[in-house]
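Take a look at the structure below.
Counting convention: from 1, in listed order, for ligands and their atoms alike. Since the structure is predicted, the reported quantities are computational estimates derived from the model, not experimental observations.
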Amino acid sequence: MLRVAVVGGGAAGLCAARHILSRGKRFAPPVVFELTDNIGGTWCYDERITYDDGRPVHSSMYRDLRTNLPKEVMMFPDFPFDSELCSFLPHHEVQKYLEKYCQSHGIRPHIRFNTVVEKVAPLVLAADDNKEETTWEVTSCDSSGLQKTETFDSVFVCSGHYSVPNIPTVPGIENFKGQVLHSHSYRCADSFSGNTVVVMGAKASGLDISVELAKVGAQVRLSYSGPPLSFPLPDGIQEASLVEAVERDGSIRFQDGSSCPADVLLFCTGYVFSFPFLDAAQLKLQLQDQLLAPLYRHMMPPNFPSLFFIGMCKLICPFPNFHCQVQFALAVLDGSVPLPPAEQMEQEELQEKEQRGVQQRHLMVLQQQQWEYCSMLAAAARFPPLPPAVQSLYKEVWRQRQKHPQNYRRLNYRMIADDRWELAH
Ligand code: FAD
C-alpha cells in the first residue's frame, strides 16, 4: 500500500484526500497536515491578520467577498453545491461546501490539525533492478512543539499560493506618511471611508476592493499598467498610471507625471510562490516569485515524479482543475499512467514552453489552455473529462465580467445537461 502525505487541508488537499481514500486497495489512508485548526485554507475567513503567535494568517479572504465564478463551474465535478444557493456565493458558503465535502468523504479523521510541515526531503535508494527509488521524509511539528519525521512514498503539495504578498519596490516609500497594506491583510472597507486610497493593481482583487472602497465613500486612484479598462468605473474610482515613486512630501507620483496625496497605499499586486519546507535546488527546480520549473504536466519535478504540486496553475477553475490533477497524479502513482524518462519529461516541458511562447513568469497561467490540459489528464488517466458546459459557462462569465465587472454577479445560472446551461431567474 502506498503512503501519501498531503501538505495542506484547503480545497486541493481535501480533493487529494478524497481520491486517495476512494482507492483503498492501492493506497493507505492519507496523512493530511494542516497548519491551522480548520479545513478550507483560503475559504476559512479569519478577521485577524496574524495568529496569536504572531505568524501571518494564511487566508487572504476579505469579509464581503463573493466568488468570481458561479457555483456551477466552481464545484468539484462530482460534488455539486446546494441547488438552492445563488450562483455567486459569499465566501462562507464555499467554506460550508468544503466542510460538507470533508464530511461526506470521511476526510477529517485523516487530518492532523495545528501541524506544520517543516521539511519535505527525498530519500533516494538504489532498487534491485539498477533503478532508483525515492521515498520522502516529512518532518512536521504539532502545536505542542513535538517534531516528528515520517516516511512516505509520495507527497502532494497542496499548500496554496495566495498567502505570501508580492510587494514591488516603490522608490521613496519611506516618505509615505499614511497606511501601507497588501490585499492579503485587507478585511473590509469600513475604516477607509473618506480616505484617499491608491490601489496598485487592477486584477480581480484590485478591482473588487476598489469597488468596495468607493461604496463606503473612499476616493480611489486605481493604478495599473496596460490599456485603459474597457468598462466604466463607478463614481469614486479614478484610473491612474503606474505608481512611480513617493515624493519627499509623501505624495504619490504616477508615471504620467501627475501626483496626489493619499491616506492609504494598497498593494493588490498578487502573491509569490513560497515553499519553505522544500529545498528547490535539491529537487532540481527553479523557484522564483511566480515560477516553479520544470514541472511536468504542471505538477511533477521530472527528477522526482512522486512529488506532486496540486493547484499551482493560474487563471483556471481551481476546484475542477484540482479534481483532474489529483486523479492523474494517483494514476501515475499506481502505475496506470506510465511516465517517460526524466530527460524526456524535461524536454517535453521545454518544448511546450517554446510552443506557447510565454514569458517565464506566465508559465503557470493557463486560462484558455486549461480545458485542453484537463482533457489531456482525463484521457491519460481514464477518468471522465470535465463536462463541456463548464467550459462554455466559464467563458460566458469571463465575458460578462469584462463588460460588467460590478454587475456580473447578479446573474444566476443553471446546468441543464453536460453540455448545456441556461440563465436562471
Ligand atoms: P489554500 O486554500 O491556500 O489552502 C492551503 C492550505 O495549506 C491551508 O489550509 C494552509 O493552512 C495549509 N498549509 C500551508 N502551508 C502549510 C504547511 N507548511 N504545513 C501544513 N499546512 C500548510 N477560486 C475560485 O474558484 N473562485 C473564487 O471566487 C476565488 N476567489 C478567490 C479570492 C481570493 C481573495 C483568493 C486569495 C483566492 C480566490 N480563489 C478563488 C482561489 C482559491 O485560492 C482557490 O479556490 C482554492 O481555495 C485554493 O486552494 P488550495 O488548497 O490550493 O490552497
Side-chain angles (χ1 to χ4, degrees), residues 5-17 31-46 51 55-76 81 87-91 93-95 97-98 101-102 111-120 138-143 155-165 182-187 203-209 212 268 270-271 273-278 308-323 325-326 370 390 394 397 401 408-409:
V6 177
V7 185
L14 296 177
C15 180
V31 177
V32 182
F33 297 92
E34 171 48 51
L35 68 82
T36 69
D37 60 3
N38 205 349
I39 60 124
T42 295
W43 298 100
C44 189
Y45 174 69
D46 197 327
Y51 298 118
R55 281 175 307 130
V57 159
H58 176 86
S59 173
S60 305
M61 191 50 61
Y62 37 96
R63 188 189 67 189
D64 298 327
L65 178 134
R66 290 184 91 85
T67 59
N68 55 22
L69 292 174
K71 71 180 197 303
E72 292 74 18
V73 306
M74 198 172 148
M75 64 184 231
F76 291 116
F81 279 86
S87 283
F88 295 91
L89 300 168
H91 59 75
E93 289 294 352
V94 182
Q95 176 68 9
Y97 167 84
L98 291 174
Y101 184 81
C102 189
I111 307 179
R112 292 196 202 150
F113 289 106
N114 299 308
T115 304
V116 60
V117 169
E118 294 183 331
K119 192 169 174 199
V120 172
V138 176
T139 304
S140 62
C141 184
D142 69 16
S143 53
V155 177
F156 281 45
V157 177
C158 302
S159 50
H161 54 94
Y162 294 110
S163 276
V164 181
H182 185 276
S183 55
H184 174 61
S185 311
Y186 169 88
R187 293 293 178 266
K203 299 243 168 77
S205 299
L207 275 177
D208 273 356
I209 293 175
E212 288 195 359
C268 293
Y271 296 87
F273 289 162
S274 170
F275 305 100
F277 47 87
L278 288 175
F308 299 92
F309 291 85
I310 305 299
M312 298 301 299
C313 298
K314 295 182 168 184
L315 288 189
I316 52 166
C317 266
F319 296 8
N321 183 275
F322 305 162
H323 172 88
Q325 287 194 323
V326 162
Q370 63 176 308
V390 172
Y394 176 90
V397 170
R401 201 164 131 190
Y408 74 97
R409 291 183 173 98

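Annotation: ligand 1 has protein neighbours V7, G8, G9, G10, A11, A12, F33, E34, L35, T36, G40, G41, T42, W43, H58, S60, L65, T67, N68, L69, M74, T115, V116, V117, C158, S159, G160, Y162, F277, P318, F319, F322, each with a heavy atom less than 4.0 angstrom from the ligand.
Evaluation of the side-chain hydrogen bond (donor to acceptor under 3.5 Å, both in side chains) rule for R401 yields no partner, not counting sequence neighbours. Residues meeting the side chain to side chain contact (heavy atoms under 4.5 Å, CB included) test with T115, sequence neighbours left out: F33, R112, S140, D142. Take T139 and apply the side-chain hydrogen bond (donor to acceptor under 3.5 Å, both in side chains) test, not counting sequence neighbours, and it matches T149.
Few gaps surround NZ on K314; more than 12 heavy atoms of other groups in view lie less than 6.0 Å from it.
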So H182 and Y271, ring-ring contact (aromatic ring centres under 6.0 Å, His included) or not? Walk me through it. CA-CA 10 Å; H182 185 276; Y271 296 87; 5.1 Å; yes
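Using modelled atom types, one finds a donor on one side chain and an acceptor on the other under 3.5 Å when comparing E212 with Y186.
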